[in-house]
Amino acid sequence: MKRIAQLLATSQEQATRTVAPLADAGYVKRRTDPANRTRVYIHLVESVRNMIKETRKELTSKMSEKLDSSVSVEDKAALCEAASKIVDILDKIN
């Protein structure tokens, strides 16, 4: 929960309140560390992982089709370079 709070730039209490409905709906599972009951671990259930994978595949395919039909090779290269730079910067922030 601490890591989720950091990623969301919020308090642990707010992160807990945000995750609770997801757990109640069965999208995530919570597990308390038996050695340290204050630590709570969250993970996505397999069906949600699969849904994310399928959605990512679909979005990638649609984006690829649009790029192939309307963007020049040079612009695609520039877009890839920019995306790579954004990922690098985001990694530094985290």
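- Clustering ILVMFWY residues whenever any of their side-chain heavy atoms sit less than 4.5 angstrom apart, transitively, puts Ile93 in a cluster other than the one holding Val87.
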Could you tabulate the donor-acceptor pairs under 3.5 Å formed by side-chain atoms of residues 62-71, not counting sequence neighbours?
{"from": "Lys62", "atom 1": "NZ", "to": "Glu58", "atom 2": "OE2", "distance (Å)": "3.2"}
{"from": "Asp68", "atom 1": "OD1", "to": "Lys76", "atom 2": "NZ", "distance (Å)": "3.1"}
{"from": "Ser69", "atom 1": "OG", "to": "Glu65", "atom 2": "O", "distance (Å)": "3.2"}
{"from": "Ser69", "atom 1": "OG", "to": "Lys66", "atom 2": "O", "distance (Å)": "3.1"}
{"from": "Ser70", "atom 1": "OG", "to": "Lys66", "atom 2": "O", "distance (Å)": "2.7"}

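- Listed by chain and residue number, Ser84 satisfy the side-chain contact (heavy atoms from CB on, under 4.5 Å) test with Asp88 (two or more places apart in sequence, or in another chain).
- When hydrophobic side chains of Ile, Leu, Val, Met, Phe, Trp and Tyr are connected at separations under 4.5 Å, Met51 ends up clustered with Met1, Ile4, Leu8, Val19, Leu22, Tyr27, Val28, Val40, Ile42, Leu44, Val45, Val48, Ile52.
- Under a 3.5 Å cut-off, the side chain of Ser61 and the backbone N or O of Lys57 do not form any donor-acceptor pair.
- Residues Gln6 and Lys2 meet the side-chain proximity criterion, which asks for heavy atoms closer than 4.5 Å.
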